[in-house]
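Inspection log for the structure reproduced underneath, given as structure tokens.
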Amino acid sequence: MLRCLLTFATLVLLWALAGQANHALASLQVYLFPGGLFVTFAALRLSSRGGLVVALLAGLLNDAATPLPFGTQMLLFAAACLVIQSVRDRLPHEAVFIQVVVALLANLALFVAFSLLRGHSVAGVAWARLGVDLLCSQAALLAIAPWFFALQTRTLQLLRPGFSAFD
């Protein structure tokens with residue numbers, strides 16, 4: 001349970017940093033969505049139950065600041081976590097490259113799902129803007145994901161030096 005709480009603590013830090021980045025980028029009308037980072041580490045490196053608990057808590061944390069009905073992100077983060085957990089045994093999930101690729105794919109899927117749930121129409125400027133937001137989000141995620149995964153691993157190593165964070 002302590003591993004779940006420490007992993008969630010890093011996600012609270014990510015949530016705060018993403019909020020600050022989005023605040024700074026508001027004048028450019030760009031929104032960064034780091035949803036893939038909220039589920040990837042927990043899904044790949046914690047137990048099935050622990051990863052799901054962290055994904056549910058991360059979804060609730062993100063739900064608190066969105067216009068979607070409360071629980072939407074919680075359910076989608078949980079679904080993404082379960083999908084990642086179902087394929088993690090077939091992936092060399094110890095490699096940072098694989099973790100980043102999984103985070104990018106999860107981010108893409110979650111971004112599209114949230115965009116559809118917000119009710120954006122298929123035509124028009126909304127999808128062009130969403131495309132720019134997605135491109136910027138993916139680029140930002142690509143830049144910070146290795147650092148963030150290292151932070152999460154080091155945080156779990158606080159429990160026990162030499163701890164690998166793998167089940």
Just how far is it from atom [atom1] of [X] to atom [atom2] of [Y], taken to the nearest 0.5 Å?
X    : Y    : atom1 : atom2 : answer
S115 : L134 : OG    : CG    : 8.0 Å
L151 : L14  : CG    : CG    : 9.5 Å
Q20  : L17  : CD    : CG    : 8.0 Å
L6   : L11  : CG    : CG    : 11.0 Å

So, does [X] use its side chain to make a donor-acceptor pair with the main chain of [Y] at under 3.5 Å?
X   : Y   : value
T40 : L37 : no
D63 : Q73 : yes
N22 : L32 : yes

Side chains of [X] and [Y]: does their closest heavy-atom pair fall under 4.5 Å?
X    : Y    : value
V39  : I84  : yes
W15  : N62  : yes
Y31  : V132 : no
L156 : L46  : yes
P92  : Q99  : no
F148 : L141 : no
F38  : V54  : no
L76  : L117 : yes

List the steps, then state whether side-chain contact (heavy atoms from CB on, under 4.5 Å) holds for L142 with L104.
CA-CA 7 Å; L142 185 61; L104 287 168; 4.0 Å; yes
Please report the closest heavy-atom contact between [X] and [Y], naming both atoms and the distance.
X    : Y   : result
F77  : A55 : CB-O, 3.6 Å
A24  : S27 : O-OG, 4.0 Å
R129 : Q29 : NE-O, 3.3 Å
S48  : R88 : OG-NH2, 3.4 Å
G50  : S47 : N-OG, 3.1 Å

Is it true that R45 and T153 share a donor-acceptor pair across their side chains at a distance under 3.5 Å?
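Indeed, the side chains of T153 and R45 share at least one donor-acceptor pair under 3.5 Å.
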When I98 is tested against each of V100, V96, V102 for side-chain contact (heavy atoms from CB on, under 4.5 Å), which residue passes?
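Considering V100, V96, V102, a side-chain contact (heavy atoms from CB on, under 4.5 Å) with I98 is found only for V102.
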Pick out which of L130, L110, N107 makes a side-chain contact (heavy atoms from CB on, under 4.5 Å) with S137.
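The option that passes is N107.
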Step-by-step side-chain hydrogen bond (donor to acceptor under 3.5 Å, both in side chains) determination, R154 to Q157:
CA-CA 5 Å; R154 298 285 188 228; Q157 287 175 346; 3.1 Å; yes
ILVMFWY network linking [X] to [Y], side-chain heavy atoms under 4.5 angstrom:
X   : Y    : answer
L60 : F41  : no
L28 : L135 : no
L13 : L61  : yes
L56 : F8   : no
F33 : M74  : no

